[in-house]
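A quick write-up on the structure given underneath.
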Amino acid sequence: GPFLIQMILTSSPSSFAFDNYDISYRSLLLRCLCSQYGFINTCLKSLVIEKFGEETWEKLRTLAEVQDTFMTYEIYDDVITLRLVQEACTMLDMPSEVVLKLFGEYFFSFCKMAGYDTMLRTLGGNLVEFIENLDALHSYLALSYQEMNAPSFRVEKNEDGRMLLHYYSDRKGLYHIVPGIIEAVAKDFFDSEVSMTILNQSEEDERTGKKEHVVFLVSQRSRGSKRDFRPQRENKEHQAEALERMRARCASLPHCPAGKRSRWDMVRSIVMFGKDNLLKSFTPCYPDKLWMEEQAFCNAFPFHIVFDKQLKVKQTGVNIQKFVPGLQTMDIRLDEYFSIVHPQVTFNIESIRKFINSQFVLKTRREMVPLASQHQSMLKLRGQMVWMESLGCMVYLCSPKLRSLQELEERGLHISDIAQHDTTRDLILLNQQRLAEMELSNQLERKKEELRILSRHLETEKKKTETLLYAMLPRHVANQLKEGKRVEAGEFQVCTILFSDVVTFTNICAACEPIQIVNMLNSMYSKFDRLTSVHDVYKVETIGDAYMVVGGVPIPADSHAERVANFALGMRIAAREVTNPITGQPIQIRVGLHTGPVLAGVVGDKMPRYCLFGDTVNTASRMESHGVPDHIHLSPFTYRYALEDKGFDILERGEIQVKGKGLMTTYFLLQNLCVSEDTIMARGTGEPCVYRDNQQGTGESVRGEEETNGQTTASASSSSDLTNEDTPFLGDTTPFQKGHLNDVNSRLCRLL
């Protein structure tokens with residue numbers, strides 16, 4: 001929409017006087033009585049993003065506690081922009097006048113980018129004309145934006161030729177925007193440089209409706225005109241010769257009748273026009289008398305009023321008499337029947353002459369219209385004041401101020417009441433369509449914002465769903481399933497699998513309520529789940545009290561055994577923080593590890609699982625079921641080919657009979673000699689374990705997943721003989737120390 005709503009001195013934000021940096025926020029709120037359309041806030045957002053970046057805007061709007069998006073046709077309180085400007089000054093550590101001037105320069109560019117370059121460029125032929133027509137532009141835009149509260153401008157020429165710019169606004173403290181906009185306009189449109197100095201700043205005393213009046217001294221200097229008007233000596237000589245030749249040719253032509261311009265004068269005018277000197281050489285021609293009858297004038301301009309210095313009505317158009325019959329009485333005072341709506345000045349001839357370049361809007365007084373019309377909306381007139389010096393009178397050439405056909409009907413008017421030459425007829429019809437388009441655009445913008453919010457919520461819910469899905473399946477496997485692809489089984493040459501269970505779990509279940517079992521397992525598994533992230537191992541599944549993880553699947557890693565070993569040490573520590581609901585003592589777990597090859601793949605359509613298959617899974621389960629309470633049981637393969645000489649304290653258990661495997665020499669993992677317990681648990685300031693194939697900690701899993709490009713590798717579930725309650729109980733639950741190895745060996749021999 002026409003965003004120039006506040007063009008050149010935005011009806012922009014705040015009401016706070018930036019010269020007084022310590023103004024209380026409460027006083028600011030009391031003075032923020034005006035509203036503005038969302039275009040100003042959108043412009044400010046665009047400025048911050050373009051000059052300082054997206055992150056700065058996010059931080060700024062968070063500090064100011066405002067939304068991210070602003071509707072073009074939505075009306076917002078000034079306090080929103082006030083907060084943004086305040087926080088911008090603080091965050092960017094810039095004086096308020098610098099921020100406001102920067103905003104003024106950018107606002108002009110923003111309006112041009114919005115498609116209003118041509119409209120602004122044609123507003124005036126020079127800077128003075130441009131400024132003088134800003135109020136007319138605001139008046140036009142007010143037809144579509146009723147709530148717009150734009151500032152006002154008046155240009156005054158001193159006797160010494162200096163130009164004074166008077167700025168009037170309802171919003172105090174925004175005058176620093178004016179130099180930014182005016183300088184940008186002068187530079188872009190008129191190829192000149194402008195410097196502006198504040199001469200006076202005071203409470204408004206000329207206009208009854210504005211709160212601030214600032215007077216600027218404007219100095220304009222040309223930067224080199226786009227069109228070369230500088231007369232050159234050669235050009236002047238060439239032009240003189242050409243004119244002499246034309247004069248000689250025209251001398252032979254017949255003489256023109258009296259009262260008409262000679263042919264030479266006509267030719268000379270054409271030549272001067274072609275030389276781009278029309279504005280310099282043009283002189284208007286006025287008739288000796290006005291060739292128009294009084295009756296014809298009143299019919300041709302049905303909404304005009306002529307009044308003298310005392311505001312006494314001398315002449316009116318025919319249609320304004322029809323709607324305000326009291327004006328048929330000559331010498332009636334105009335201010336008895338009308339009040340000035342714009343500009344908001346005192347109703348006297350001096351004030352009107354001072355603002356004669358502004359469009360005037362007059363409104364009929366309800367008490368002065370016939371009783372039959374008092375229930376209708378009051379008639380508003382909009383037009384131009386022209387001072388007639390010889391008569392000492394002012395003529396007000398005006399038309400009804402209407403926005404739509406509905407307003408035309410509410411005031412009892414018809415299209416036929418408006419003169420055919422008056423473009424108000426076309427404006428009403430066009431603006432009717434324009435208002436409908438604005439309403440449609442506003443609805444579309446609202447729907448767009450609703451869709452944006454819904455999309456953001458949908459993205460949030462999608463992330464929740466994906467987080468849940470990735471907790472059940474490896475990320476790349478889940479992505480393939482979402483795309484409807486088949487996940488092929490993959491073989492892993494080496495990985496380390498861990499099984500654990502709770503000692504005497506069957507007895508605990510028999511003596512407790514189900515909810516107590518659930519709470520106990522939830523507490524324990526939550527601690528274990530956290531450790532899987534710390535050591536970057538994959539949780540396969542839980543079956544009752546059994547917990548299964550794997551290292552090196554689905555993302556291959558050279559340090560798979562070290563990761564699982566550290567995870568097992570962390571499990572043992574975490575389990576001591578969970579109490580047995582029967583005894584109130586810490587629970588004990590058995591842990592078993594085995595290293596070897598596996599086959600991994602997705603099985604099932606409903607609730608699909610990524611499972612591991614192979615003898616390695618079965619052997620790892622045997623290590624757990626043949627283990628000792630509160631100990632980590634290692635297979636010979638895990639010790640010899642994965643953990644030996646890796647900084648772990650490992651104790652040989654000796655040969656034991658393993659179901660389905662025969663005699664095996666197994667080992668107990670006691671501790672990690674290279675890292676502390678806090679590091680393994682990632683407590684407080686303790687740094688998580690860093691492995692040689694993962695210098696970025698847990699981030700390796702994501703990168704590794706990307707590097708595999710969808711390789712069908714993952715960790716899964718399959719177990720057998722997960723529990724064995726007949727395993728002997730080791731009374732001393734203290735972690736093994738190096739100095740006690742002989743005692744431990746003797747005790748284990750007796751137990752086994």
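In this chain, numbering begins with 1 at the start of the sequence shown.
- Here the SG atom belonging to Cys43 is positioned 6.5 Å from the OH atom belonging to Tyr106, to the nearest 0.5 angstrom.
- With sequence neighbours left out, the side chain to side chain donor-acceptor pair (under 3.5 Å) criterion links Glu513 to no other residue.
- In this structure, Lys112 places its NZ atom where more than 12 heavy-atom neighbours from other residues, nucleotides or ligands lie under 6.0 Å away.
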Salt bridge (charged side-chain N to carboxylate O under 4.0 Å, His left out) between Glu449 and Arg446, intermediate numbers included: CA-CA 5 Å; Glu449 178 62 13; Arg446 290 179 182 276; over 6 Å; no
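- Taking Lys462 as the reference, nothing meets the side chain to side chain donor-acceptor pair (under 3.5 Å) condition, with sequence neighbours excluded.
- With sequence neighbours excluded, the residues satisfying side chain to side chain donor-acceptor pair (under 3.5 Å) with Ser676 are Thr679.
- Residues passing the ring pair (Phe, Tyr, Trp, His ring centres under 6.0 Å) test with Tyr667, sequence neighbours excluded: Tyr639.
- Smallest separation of non-hydrogen atoms from Cys512 and Ile582: SG-CG1, 3.4 Å.
- Within the model, atoms OG1 of Thr504 and CG of Asn580 stand 6.0 Å from one another, a figure rounded to the nearest 0.5 Å.
- For the pair His476 and Pro554, the tightest heavy-atom approach, listed with the atom from each and the gap, is CE1-CB, 3.8 Å.
- In this structure, the side chains of Met548 and Thr542 stay at 4.5 Å or more apart for every pair of heavy atoms.
- Side-chain atoms of Asn519 come within 3.5 Å of backbone atoms of Ile515 as a donor-acceptor pair (strictly under, hydrogens ignored).
- Phe648 CZ to Leu673 CG: the interatomic distance, rounded to the nearest 0.5 Å, is 9.0 Å.
- Between the side chains of Arg572 and His631, no donor N or O sits under 3.5 Å from an acceptor N or O.
- Not counting sequence neighbours, Thr665 has no partner by the side chain to side chain donor-acceptor pair (under 3.5 Å) test.
- Looking at every heavy atom in both residues, Leu521 comes nearest to Gly544 through CD1-O, 3.9 Å.
- Nearest approach of Leu593 to Ala568, heavy atoms of both residues: CD1-CB, 4.2 Å.
- Rounding to the nearest 0.5 Å places CG of Leu670 at 9.0 Å from CG of Leu569.
- Annotation: side chain of Asp649 is not in contact with side chain of Phe668 (no heavy-atom distance under 4.5 Å).
- With rounding to the nearest 0.5 angstrom, the NE2 atom of His633 is 15.0 Å from the OG atom of Ser500.
- Judged by distance alone, with hydrogens and angles left aside, the side-chain atoms of Ser526 form no donor-acceptor pair with the main-chain N or O of Ser523 at under 3.5 Å.
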Checking Lys539 against Val550 for the side-chain contact (heavy atoms from CB on, under 4.5 Å) test, could you report, in this order, the C-alpha distance in whole Å, the side-chain angles of both residues, the deciding distance, and whether it holds? CA-CA 7 Å; Lys539 174 185 176 182; Val550 63; over 6 Å; no
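- Rounding to the nearest 0.5 Å places CG of Leu84 at 5.5 Å from CG of Leu44.
- Side-chain contact between Leu663 and Gln657 is present, with heavy atoms from C-beta onward closer than 4.5 Å.
- When atom types are taken as modelled, the side chain of Ser455 and the backbone of Leu451 share no donor-acceptor pair closer than 3.5 angstrom.
- Within 6.0 Å of the CD atom in Glu55, the count of heavy atoms belonging to other residues, nucleotides or ligands does not exceed 12.
- Around OH of Tyr641, the count of heavy atoms belonging to other residues, nucleotides or ligands within 6.0 Å does not exceed 12.
- The shortest distance between side-chain heavy atoms of Arg486 and Val602 does not fall below 4.5 Å.
- At a threshold of 4.0 Å, the pair Asp615-Lys661 counts as salt-bridged, since one of the basic side-chain nitrogens sits closer than that to a carboxylate oxygen.
- Counting heavy atoms from C-beta outward, Asn566 and Asn672 have side chains that approach closer than 4.5 Å.
- A heavy-atom distance below 4.5 Å is not found between the side chains of Leu60 and Leu63.
- Of the possible donor and acceptor atoms, one in the side chain of Thr467 sits under 3.5 Å from a partner among the backbone N and O of Lys463.
- With a 4.5 Å cut-off on side-chain heavy atoms, Lys485 and Asn479 do not count as touching.
- The pair Glu459-Arg456 fails the salt-bridge criterion, with no side-chain N (NZ, NE, NH1 or NH2) lying under 4.0 Å from an Asp/Glu carboxylate O.
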Starting from the C-alpha separation in whole Å, work towards a yes-or-no answer on side-chain contact (heavy atoms from CB on, under 4.5 Å) for Met472 and Arg609. CA-CA 8 Å; Met472 300 171 61; Arg609 300 305 302 264; 5.8 Å; no
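- In summary, the side chains of His594 and Thr496 do not present any donor paired with an acceptor at a separation below 3.5 Å, with no hydrogens or angles considered.
- With Thr666 contributing its side chain and Arg653 its backbone, the two residues share no donor-acceptor pair below 3.5 Å.
- Scanning all heavy atoms of the two residues, the minimum distance from Pro581 to Met520 falls at CD-SD, 3.5 Å.
- Using a 4.5 Å heavy-atom cutoff, the side chains of Val494 and His560 are in contact.
- A salt bridge links Glu466 to Lys482: one of the charged nitrogens lies within less than 4.0 Å of a carboxylate oxygen.
- The minimum heavy-atom distance between Arg683 and Arg530, with the atom names listed, is N-NH2, 4.4 Å.
- Looking at residues two or more places apart in sequence or on another chain, you find a ring pair (Phe, Tyr, Trp, His ring centres under 6.0 Å) between Tyr525 and Tyr547.
- Between Lys464 and Glu461 there is a salt bridge, with a side-chain nitrogen of the basic residue lying less than 4.0 Å from a carboxylate oxygen of the acidic one.
- Look at Asp630 and Arg576 and you find a salt bridge, because one of the NZ, NE, NH1 or NH2 atoms lies within 4.0 Å of a carboxylate O, short of that distance.
- Side-chain atoms of Arg590 do not come within 3.5 Å of backbone N or O of Ile632 as any donor-acceptor pair.
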Evaluate side-chain contact (heavy atoms from CB on, under 4.5 Å) for Met623 paired with Ser635, printing each intermediate quantity in order. CA-CA 7 Å; Met623 290 298 101; Ser635 72; 3.8 Å; yes
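- Counting only N and O atoms by type, the side chains of Thr619 and Thr616 include no donor and acceptor under 3.5 Å apart.
- Under the 30°/60° scheme for interplanar angles, the aromatic rings of Phe567 and His535 are found to stand perpendicular.
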For a side-chain contact (heavy atoms from CB on, under 4.5 Å) check, start with the C-alpha distance between Ile589 and Val503, then their side-chain angles and the critical distance, and finish with the verdict. CA-CA 5 Å; Ile589 61 172; Val503 177; 5.7 Å; no
